[in-house]
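Nothing here was measured: the structure is a model prediction, and the numbers come from that model.
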Amino acid sequence: MNKISIIGTGSVGSTIAYTLTAMGLASDIVMIDINKEKALGEALDIRQGVPLFSPCSIYAGDYCDAKDSDIVIITSGIARKPGQTRLELAQTNVDITKAIIPEITKYAPDAKYVIVSNPVDVLTYTFCKCSDIPENHIIGSGTILDTARLRARLAEDFSINQSNVHAYVMGEHGDSSFIPWSIANVSNVPVKEYRKLLSTGDIVCPEFDCDEVEQYVRKSGARVIEQKGATFYAVSASVCHICKCLLKGIDTTMTVSTMMHGEYGVSDVCLSVLNIVGNDGAHSKLLTPLTDEEITKLHRSAETLKEVIKNLDI
């Protein structure tokens, strides 16, 4: 019996609720929104498809209905508009998050909290600073989405199964993110060497351009927003992957945003490095060896976020 509460029933929150239902990850899903009619409609729409999935009770409710939740997912806030950066949303969504924290944590003090709203690193930091929830129970979705975008792109470039691609995006979920190419590989072959090590000419791979791939990943969210108005499918898949790992109890490594305490020389900011996630939340960091250049990029990302946080009322 797993109970998941979702705060915010916009495109992202509703798609997460649908995906959780289709994956059979929860026995109870509570949808909470200031717009109660919207929450009721989204819950009803999903509930009427439940007979074709695993049994699940999905309904709209208030904060009190989140009692005994195993996971609470925060998607509420103002959505990013075309041409707008995630960091430009900062103060408005910080204020919304600060208002939500006391309302939800008094009913679900033992839940794991997955922060999805943007700017996700800033809001994860806000949740850590403004709540009494243990830090290992506060997880920002961070660059797990960027990492999925990277792996999807590399799989296309190399015409290979996505599960054979092992590469990560670290730092801010935003413009200062970076790819540590030193650890990126396809079936243990460094991505930069993959093309020349193929033993057959039947597979055509493009010339590999790290900078172009990095720009593609970094700008993917803005591109989708420009083309269709919002992003929600891939982010929902990413969040449901986090939930699955929290519930299944088998520790899994992933790039999610958590509070830093001196790892790689970075402190007092939330950003994404490799974390080990399982039943006890994001309980450990896996300090993957990085080059000096990559550590410099991580520090630059941390400073970018700190500069924003310094100018906010948290």
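A side-chain N or O of Glu214 and one of Trp181 form a donor-acceptor pair less than 3.5 Å apart. Side-chain contact of Asp95 with Gln91: a donor-acceptor pair under 3.5 Å is present, judged by distance alone. A donor-acceptor pair shorter than 3.5 Å can be found between the side chains of Ser176 and Ser301. The closest side-chain donor-acceptor pair between Asp268 and Tyr125 falls under 3.5 angstrom. Residues Asn275 and His283 bring no donor and acceptor atom of their side chains to less than 3.5 Å of each other. For the 3.5 Å distance criterion, the side chains of Thr258 and Lys285 qualify, holding a donor opposite an acceptor.
In this structure, Gly278 and Leu246 approach most closely via the heavy-atom pair O-CD2, 3.3 Å. For the pair Ile32 and Ala66, the tightest heavy-atom approach, listed with the atom from each and the gap, is CD1-CB, 4.3 Å. Between Asp28 and Tyr59, the shortest heavy-atom contact is OD2-CE2, 4.0 Å.
The local environment of OH in Tyr18 is sparse, with at most 12 non-hydrogen atoms from other residues, nucleotides or ligands closer than 6.0 Å. The number of heavy-atom neighbours closer than 6.0 Å to CG of Asp132, taken from other residues, nucleotides and ligands shown, is 12 or below. Counted within 6.0 Å of OH on Tyr233, heavy atoms from surrounding residues, nucleotides or ligands total 12 or fewer; the atom is thus considered open. Enclosure of atom NZ in Lys67 is not indicated, since only 12 or fewer non-hydrogen atoms of other residues, nucleotides or ligands lie within 6.0 angstrom. Taking a 6.0 Å sphere around CD1 of Ile34, one finds it holds 12 or fewer heavy atoms contributed by other residues, nucleotides or ligands.
Side-chain atoms of Asp33 and Ile7, non-hydrogen and from C-beta on, never get closer than 4.5 Å to each other. Side-chain atoms of Arg153 and Glu212, non-hydrogen and from C-beta on, do get closer than 4.5 Å to each other. Between Phe127 and Ile133, the closest side-chain pair of non-hydrogen atoms falls below 4.5 Å. Annotation: side chain of Asp211 is not in contact with side chain of Val213 (no heavy-atom distance under 4.5 Å). Within the 4.5 Å cutoff, the side chain of Leu150 has no heavy atoms near those of the Asp146 side chain. Here the side chains of His261 and Glu263 are in contact, with some heavy-atom distance below 4.5 Å. With a 4.5 Å cut-off on side-chain heavy atoms, Ser14 and Lys38 count as touching. Side-chain contact between Met260 and Cys270: absent, with no pair of heavy atoms (C-beta onward) separated by less than 4.5 Å.
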Please determine whether side-chain hydrogen bond (donor to acceptor under 3.5 Å, both in side chains) holds for the pair Thr255 and Ser272, giving the CA-CA distance in whole Å, both sets of side-chain angles, and the decisive distance to 0.1 Å. CA-CA 5 Å; Thr255 50; Ser272 292; 5.5 Å; no
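The pair Lys219-Asp175 meets the salt-bridge criterion, with a side-chain N (NZ, NE, NH1 or NH2) lying under 4.0 Å from an Asp/Glu carboxylate O. Between Arg300 and Glu172, no side-chain nitrogen of the basic residue sits less than 4.0 Å from a carboxylate oxygen of the acidic one, so the salt-bridge criterion is not met. Taking a cutoff of 4.0 Å between a charged side-chain nitrogen and a carboxylate oxygen, Lys310 and Glu307 qualify as a salt bridge.
Summarising the geometry, atom OG belonging to Ser163 is positioned 3.5 Å from atom CG belonging to Asn161; distances are rounded to the nearest 0.5 Å. Note: Ile16 CD1 to Met31 CE = 9.5 Å, rounded to the nearest 0.5 Å. A distance of 11.0 Å separates NE2 in His137 from CD1 in Ile71, rounded to the nearest 0.5 Å. Atoms CD1 and OG1, from Ile74 and Thr97 in turn, are 7.0 Å apart once rounded to the nearest 0.5 Å. The OH atom of Tyr168 sits 10.5 Å away from atom CD1 of Ile144, with the distance rounded to the nearest 0.5 Å. One distance of note links CG of Leu25 with SG of Cys243; it measures 7.0 Å at 0.5 Å rounding.
There is a path of hydrophobic side-chain contacts, each under 4.5 Å, that joins Val189 to Leu154. In the hydrophobic cluster analysis, where Ile, Leu, Val, Met, Phe, Trp and Tyr join through side-chain heavy atoms closer than 4.5 angstrom, Ile100 is grouped together with Leu312. Residues Tyr194 and Tyr216 fall within the same hydrophobic cluster, defined by Ile, Leu, Val, Met, Phe, Trp and Tyr side chains chained together at heavy-atom separations under 4.5 Å.
The only member of Val120, Val12, Ile115 that meets side chain to side chain contact (heavy atoms under 4.5 Å, CB included) when paired with Ser141 is Val120. Under the side chain to side chain contact (heavy atoms under 4.5 Å, CB included) rule, Ile29 has a single partner from Val50, Asn2, Thr21, which is Thr21.
In this structure, the ring of Tyr107 has its center no less than 6.0 angstrom from the ring center of Tyr63.
A side-chain donor-acceptor contact under 3.5 Å links Thr75 to the backbone of Gly8.
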